[in-house]
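In what follows, a single structure is set out as structure tokens and then discussed.
Letters A, B, ... mirror the listed sequences (proteins, then strands); counts begin at 1.
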Number of protein chains: 2
Amino acid sequence: MPPDVKDKATLHILQKSGLSKTPQRLAVLNILMNTVVPVNIKSIRQALESKISINRVTIYRILSLFKQHMIIREITSPGGNNYFELATMKNPVHPHFLCRKCAALSCLEPLTFSQANHWLTPDKDYSIENIEINISGLCASCRNATKLQKRSVKQ
Amino acid sequence: MPPDVKDKATLHILQKSGLSKTPQRLAVLNILMNTVVPVNIKSIRQALESKISINRVTIYRILSLFKQHMIIREITSPGGNNYFELATMKNPVHPHFLCRKCAALSCLEPLTFSQANHWLTPDKDYSIENIEINISGLCASCRNATKLQKRSVKQ
DNA sequence: TTAATTATTGCAACCAAGTTGCATTATTGG
DNA sequence: CCAATAATGCAACTTGGTTGCAATAATTAA
């Protein structure tokens, strides 16, 4: 492992999740840590090119792993061109703004939702054309199914 | 064109948008009109199978066309498994709920956003695990670029 | 109603994104 | 440092969506 990649903070994150410290993982994590806006896979691949030799399959596997360990969050975007961002406690879930023209994704304030009107009010900086709110979890029937299953296991 | 497909309401929608009335378009539109929940492409293809012989390319083209004419809305979903719903005036933009287990997408109330807390309050029916709010339009720089362009054209 | 014009569909081939299995290589822990 | 374990790279494959073009259907105006 080249020593210049051994960033303390980066290493610590992997350690905390019990993941082994490979140069590939450190490099990917580094990119996510040193960017202000969420990045899509294409950007990640480009950024990695100059830093390390890494197979595209490995990138997918690392991102998927990081997601599982809740190190990163994936932001769904039309056309499946998804973005990734670090999921630290200091960076809670928040709305995002996607520019139709330049496709840049920027973060909006993590407002409490009682203040939600705020980001709907016509804004000086953004012209809002579309709002997508997708909530996920378990629906009523799946939730009940899970409960019943647990109960029957107990008996 | 088989006469049984000639649904008045369906025909009217195409007419209003100035689109020619092909059996394929009518069939796709019919499915969108006779479903209560948004449907993904897979469901659309399955539903069409029993009704009409249609090429998969045609389905993509029709959906894309309907989107352009704002007859339908596309609901972005993780993994690019997107859903479609009719975009009538009686069916305004609203939040959606996606079940992690059965992948069913259901519509939530089109609340005014000052009431937004409502769908965040722990609910008896849904267990909310993830919330994605994606807003799109033009970012500040792209908006300015457009303005400047218009101005210079005028001169 | 018919014939010419125009638009839509079907087909085949293609492209890109993401995935899988397996051999090779690196990391970890003793 | 070495053995055991885990991650990476590679090649091939799958899936979703797109494109160009020929065949077919819908529209229009006579």
Rounded distance [0.5 Å steps], CD1 in Ile54(A) versus CD in Gln24(A):
5.0 Å
To the nearest Å, how far apart are Ile52(A) CD1 and dT8(D) C1'?
11 Å
Distance, rounded to the nearest Å, where Ile54(A) contributes CD1 and dC10(D) contributes C1'
14 Å
At less than 4.0 Å, is any side-chain N or O atom of Thr22(A) found next to OP1 or OP2 of dA26(C)? Yes or no.
no
Val37(B)/Leu105(B) under side-chain contact (heavy atoms from CB on, under 4.5 Å): CA gap, chis, key distance, verdict
CA-CA 7 Å; Val37(B) 291; Leu105(B) 190 81; 5.9 Å; no
Counting only side-chain N and O atoms of Gln24(B), is one of them less than 4.0 Å from OP1 or OP2 of dA25(D)?
no
dA25(D) phosphate, OP1 or OP2, under 4.0 Å from Lys21(B) side-chain N/O
no
Between Ser20(A) and Arg25(A), is any pair of side-chain heavy atoms under 4.5 Å apart?
yes
Nearest-Å distance, CD1 (Ile62(B)) to P (dA26(D))?
12 Å
For a quick check of understanding: with a heavy-atom distance under 4.0 Å over all strands, which category does Ser64(A) fall into, base, sugar-phosphate or nothing?
nothing
Side chain Asn81(B), main chain Ser77(B), donor-acceptor under 3.5 Å:
no
Starting at atom CG of Leu63(B), determine the distance to atom P of dT8(C), rounded to an integer number of angstrom.
15 Å
In whole Å, what is the span from the OH atom of Tyr60(B) to the P atom of dA13(C)?
19 Å
Relative to the 5' end of DNA chain C, which residue comes earlier, Gly80(A) or Ser53(B), by the nucleotide with the nearest heavy atom?
Ser53(B)
Options dA7(D), dG16(D), dT19(C), nucleotide nearest the side-chain atoms of Val57(A)
dT19(C)
d(CG, Leu19(A); P, dG29(C)) in whole Å:
12 Å
Is a donor-acceptor pair below 3.5 Å formed from side chain Arg61(B) to base dG10(C), judging by atom type as modelled?
yes
Which whole-number value in Å describes the distance from Ile59(B) CD1 to dT18(D) C1'?
15 Å
Closest nucleotide of DNA chain D for Asn82(B) versus for Arg25(A): which of these residues is on the 5' side?
Arg25(A)
Between dA17(C) (C1') and Glu74(A) (CD): distance, integer Å
13 Å
Reckon Asn55(B) has a side-chain N or O less than 4.0 Å from the OP1 or OP2 of dC11(C)?
yes
Picking from dG17(D), dT8(C), dA17(C), which would you name as closest to the side chain of Ser20(B)?
dT8(C)
If you count every heavy atom of other residues, nucleotides or ligands that lies below 6.0 Å from Arg45(A) atom CZ, does the total exceed 12?
no
Looking at Arg56(B) and dG17(D), is any side-chain donor or acceptor paired with a base atom of the opposite kind under 3.5 Å?
yes
